[in-house]
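I have placed the structure first, in the form of structure tokens, so that the comments after it can refer back to it.
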Amino acid sequence: MQYTFALVGNPNSGKTTLFNEITGSTQHVGNWPGVTVEKKEGKVKKHKENIKIIDLPGIYSLSPYSLEEVLARDYIVDQKPDVIINIVEGTNIERNLYLTTQLMEFGVPVIVALNMMDAVKTRGEEIDILQLEKSLNLPVVPTIATKGKGVNELIEKALVLAQTASAKTEEAPVKKFDELIEKSITQLENLVTKELTLDYNPRWVAVKLLEDDMDIKEKADISVNLNNEVIMCRERIQKGYNNDDVETVIADNRYKFISNVISKSVKKKSSRTLSTSDKIDKIVTNRILALPIFLAIMWVVYYVSISTLGDYTIGWVEWLIGDVIGGTISEWLVGAGAADWLHGLVIDGIIGGIGGVMVFVPQLMILFFFISLLEDSGYMARVAFIMDRIFRKFGLSGKSFIPMLIGTGCSVPGIMATRTIENEKDRRMTIILTPFIPCGAKWPVFAMFIAAFFADKAWIAPAIYIIGIGIAILSGLLLKSTVLKGEAAPFVMELPEYRLPKLKGTLIHMWDRGKAFMIKAGTIIFIASGVIWLLQSFDASFSMVEAENSMLASIGRVIAPIFSPLGFGEWRAAVATVTGLLAKEVVVATLGILHGIGEVAEDDPSLISSITQSFSTLSAFSFMIFTLIAAPCFAAIGAMKREFNSWKWTFLTLGYQTGLAWILGTLVFQIGSIIGLG
Ligand code: GDP
Ligand code: MG
């Protein structure tokens, strides 16, 4: 007799170690037919029976969302191994058992190798094996793969399971789900049994149909009658659970089953620190409170860093750069007899441009400090988890939130982080949405307008952030229902325990983000400031003129009409929207230079108040909305192109973002004017 055992488990559960231990040197490594995922096969060493071991790819679940998961489940349902050896990491039992709850549905006998028992012991935890076997209704063998412990027993027990398999499958399955769901499963199972021509376990097919699994729908070629039944059952479940979607309800059910199993069989010694974390999570991730808490925290963060604390620092930096540095260099230039144009280039151009931006750096550093604090404490991981629940309703997974979170610093690493999303459509969507979250470079722009027009309005900085998230969610909804249709991939994530952040770590984290900003100030902003000053000081025949008659003004006037409906169809504002493509901070530098900070400085030392020349409060707001949503900077566009690997998608995205920005800016200004806010 020849037997085949399939080895299945989460990544890092010790699969390779166990596989090597079982097979010794008798293994072949190849690829799965048609794909480059590694396929390993081997024979159980020194065994009288002929037993083949197949090492399936490491996976977290068995839904059709990643190539590995599809491979694993296709193998199990089509090739029907005699036994599934499910390797479960004893130190991470909760997450690992999620896969187990799915494996036990195939109707193929499952044996659990409870691995890393040595680490379990060191942690002072105890696992009651007999109790675990009873609650899972599966044989469980404790192992230490690295020492080869328990491996022989595992193989022997698996063999017994294989030899008595037919008797085993007759047994009633473990009822893992709530009654309402079990009822639907039984109902569908009966229909499936009648119709199905494939050799699949009817209960498994029933669960998959309830989960609206497209893959199985196609494969099993289900009848109209059965399909209607599925739709009815899904509606019933949805109603029974306050309209939560069925996939979420089923996943919740699996976790409920798991925590029940664990509470009976796992004893944790160090339960004290854990329960503090758990207690915080009970509140912070609570279904109703989670979102208000998140919004409140973000409100405080943006309010404090942009509106209050940050506001104090503006005057300081203006004094430092304008009076101290600018004044000294100016005197020195005059003393050295520098030409007028050189004095203008250095003082009004470069120092004016960079200085205009630097004014907002302290605010940005405070913002980064708070965000680093939230990340280092473990709260941001919870946010991804909370967002998953919200995003899921829109067909997006919490995985999409992580790039957006990274995007609060800079969209470039945010866009690059989409690589962790396996599902191609979700990945594209996340690339499109990430720039909507205001990055660090956009904040100097907002901060400038806030200081100039909304200094007394506490809600405006947090509102910008929330509008960004809102636009991302609504766009996600729009894309999901049109060009990027598909299901949300499940999001399995381990929540780290809360930690008191170390000041040093948080400061380093903050500095890392702030550093990129300084580098930009020294390069792009420096050059752009010089070029903008030159363009606004000379006309086409290269004679020095008033800004109004300059080359830049002529260019600006060509594009300005585009922005008239948004309320800032003025050449200086138009130029700033375009120079913002270089880097968003350049918007500030541009507006600063074009409003002649140097000249205003005599009677009104504030750069900020000078922009009130070209904007009203209402057009300032529509300008902020435009900046928030329109195409990001060139660096981010480059990252988009790399990640899409397509110019077509890149241009479509830029068109969508800029078009949407134009429409929303117009709406803000036009509606605002009508209701008299202008
Ligand atoms: P895979 O990703 O599932 O193939 O996992 P690996 O076999 O590569 O193992 C992941 C890590 O866990 C490696 O560093 C192993 O040495 C370690 N490991 C595997 N089994 C055990 C075990 O029983 N006890 C301990 N302490 N470590 C183990
Ligand atoms: Mg491995």
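In listed order, ligands and their atoms are each counted from 1.
Checking only distances, G14 does come within under 3.5 Å of ligand 1, N or O to N or O. Geometrically, ligand 1 and P11 share no nitrogen or oxygen pair separated by less than 3.5 Å. By the 3.5 Å distance cut-off applied to N or O atoms, M117 is not counted among the residues near ligand 1.
In terms of heavy atoms, L138 sits closest to M104 at CD1-SD, 4.3 Å.
Nearest to atom 10 (C) of ligand 1 by heavy atom, out of N10, D55, I87, N12, is N12.
Using a 4.0 Å cutoff on heavy atoms, G58 does not count as a contact of ligand 1.
For the pair R254 and E247, the salt-bridge criterion is not met [side-chain N within less than 4.0 Å of a carboxylate O].
Not one N or O on the side chain of T285 forms a donor-acceptor pair closer than 3.5 Å with the backbone of K282.
Heavy atoms of D118 found under 4.0 angstrom from ligand 1 belong exclusively to the side chain.
If you run side chain to side chain contact (heavy atoms under 4.5 Å, CB included) between V207 and each of I216, N201, I185, only I185 comes through.
Ring geometry for Y98 versus Y255: interplanar angle under 30°, hence parallel rather than tilted (30 to 60°).
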